[in-house]
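Here's the structure, in structure tokens; my notes come after.
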Amino acid sequence: MERTLIIVKPDGVQRGLTGEIIRRFEARGLRIIGMKFILMSRALAEKHYAVHIGKPFFPALVDYITSGPIVVIALEGTNAVQCARNTIGATKPHEALAGTIRGDLALEIGRNLVHGSDSVDNGKLEVDNFFAQDELVQWARSTDGWIFEAR
Ligand code: IDP
Ligand code: MG
């Protein structure tokens with residue numbers, strides 16, 4: 001089953017939107033397999049956002065993501081990466097469609113509330129960067145048959 005890493009960024013936590021953000025992924029049908037409330041270290045931030053090292057916004061991005069507690073969530077489901085990205089909306093909140101998290105709840109790129117993995121490979125890598133194997137829960141929901149069509 002495909003996996004994706006979601007982060008409720010510090011602005012989401014500070015604004016009291018943690019529940020609202022998680023609710024949208026749960027309602028979408030994605031299955032939570034890991035969740036924790038942490039402060040991201042600068043070292044982990046530099047690893048997580050390594051692809052952006054050297055860009056002008058990189059120092060501000062590391063300051064932002066390490067500025068307060070975050071909620072890190074591992075999700076599983078059919079097409080989990082693309083479905084979660086669509087629920088999150090475009091990186092620039094002014095381009096994000098209404099109905100998405102960023103389109104409904106955010107205004108600025110540097111305060112865009114939530115992270116979601118951008119590819120199937122990165123979904124796997126990012127879940128493993130933030131969760132030890134014994135922090136992930138393998139389980140079946142009683143509703144799985146109403147969300148995942150058996151083949
Ligand atoms: P994503 O979060 O939609 O995957 P990325 O391009 O991977 O977007 O950028 C990672 C994060 O870096 C963004 O969510 C945003 O917080 C921040 N960011 C990206 N581009 C800019 C920028 O031009 N100015 C300020 N912050 C940026
Ligand atoms: Mg990204």
Side-chain angles (χ1 to χ4, degrees), residues 1-138 147-148:
M1 189 74 78
E2 202 170 299
R3 288 181 173 180
T4 189
L5 184 87
I6 299 300
I7 301 174
V8 181
K9 295 179 178 180
D11 48 337
V13 172
Q14 296 284 351
R15 291 175 57 193
L17 293 172
T18 303
E20 167 67 19
I21 290 169
I22 295 171
R23 184 195 67 72
R24 291 176 180 228
F25 295 110
E26 271 193 304
R28 188 80 198 257
L30 293 162
R31 181 166 62 199
I32 297 169
I33 58 165
M35 179 153 55
K36 55 187 175 182
F37 185 69
I38 61 167
L39 275 170
M40 200 188 297
S41 67
R42 294 189 80 85
L44 185 52
E46 285 168 14
K47 183 175 184 186
H48 177 65
Y49 282 127
V51 68
H52 297 302
I53 289 173
K55 295 183 186 170
F57 62 85
F58 184 73
L61 174 58
V62 173
D63 287 348
Y64 166 43
I65 203 70
T66 61
S67 64
I70 58 173
V71 178
V72 190
I73 307 143
L75 297 177
E76 204 166 58
T78 319
N79 301 312
V81 168
Q82 190 60 57
C83 289
R85 293 281 295 189
N86 291 347
T87 289
I88 290 167
T91 304
K92 298 175 181 172
H94 67 277
E95 293 176 355
L97 298 179
T100 66
I101 293 168
R102 289 166 173 166
D104 288 349
L105 304 171
L107 296 173
E108 296 192 18
I109 192 168
R111 295 289 184 270
N112 63 3
L113 290 174
V114 58
H115 167 82
S117 305
D118 65 1
S119 70
V120 175
D121 284 349
N122 283 338
K124 283 186 207 142
L125 287 172
E126 291 178 357
V127 167
D128 289 344
N129 282 344
F130 283 87
F131 291 94
Q133 282 313 303
D134 66 1
E135 293 176 317
L136 295 171
V137 180
Q138 312 274 355
I147 297 166
F148 305 135

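Whatever order the structure lists ligands and atoms in, that order sets their numbers, starting from 1. Side chains included, hydrogens not; waters and symmetry mates left out as well; all remaining heavy atoms used.
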Quick one: look up the protein heavy atom nearest [atom] and list residue, atom name and how far away it is.
| atom | value |
| --- | --- |
| atom 11 (C) of ligand 1 | Leu61 CD1, 3.9 Å |
| atom 1 (P) of ligand 1 | Thr91 OG1, 3.5 Å |
| atom 4 (O) of ligand 1 | Arg85 NH1, 2.7 Å |

Inset, instruction - State, without any angle test, whether Thr87 and Arg24 hold a side-chain donor-acceptor pair at a distance under 3.5 Å. - result: no
Inset, instruction - List every atom of ligand 1 that sits less than 4.0 Å from any heavy atom of Asn112, numbering the atoms from 1 in the order shown and giving each element. - result: 13 (C), 14 (O), 15 (C), 16 (O)
Between the candidates [options], which shows the shortest non-hydrogen contact distance to [atom]?
| atom | options | answer |
| --- | --- | --- |
| atom 18 (N) of ligand 1 | Phe57, Tyr64, Tyr49 | Phe57 |
| atom 2 (O) of ligand 1 | Arg102, Lys92, His52, His48 | Arg102 |
| atom 15 (C) of ligand 1 | Leu113, Val62, Ile109, Asp118 | Ile109 |

Legend entry - Lys36 NZ/CZ over Phe131 ring centroid, <6.0 Å and within 45° of normal: yes
Inset, instruction - Answer side chain, backbone, both or neither: which part of Lys55 comes under 4.0 Å from ligand 1, heavy atoms only. - result: neither
Legend entry - Other residues, nucleotides, ligands: >12 heavy atoms within 6.0 Å of Lys47 NZ: no
Legend entry - Min side-chain heavy-atom separation Glu76-Leu136 under 4.5 Å: no
Legend entry - Glu20 with Arg23: basic N within carboxylate O range, under 4.0 Å: yes
Inset, instruction - Report yes if some N/O of Lys9 lies less than 3.5 Å from some N/O of ligand 1; otherwise report no. - result: yes
Legend entry - From Phe58, Phe57, Tyr64, residue fulfilling ring-ring contact (aromatic ring centres under 6.0 Å, His included) relative to His52: Phe57
Inset, instruction - Could you walk me through whether Met40 and Val72 pass the side chain to side chain contact (heavy atoms under 4.5 Å, CB included) test, one step at a time? - result: CA-CA 10 Å; Met40 200 188 297; Val72 190; over 6 Å; no
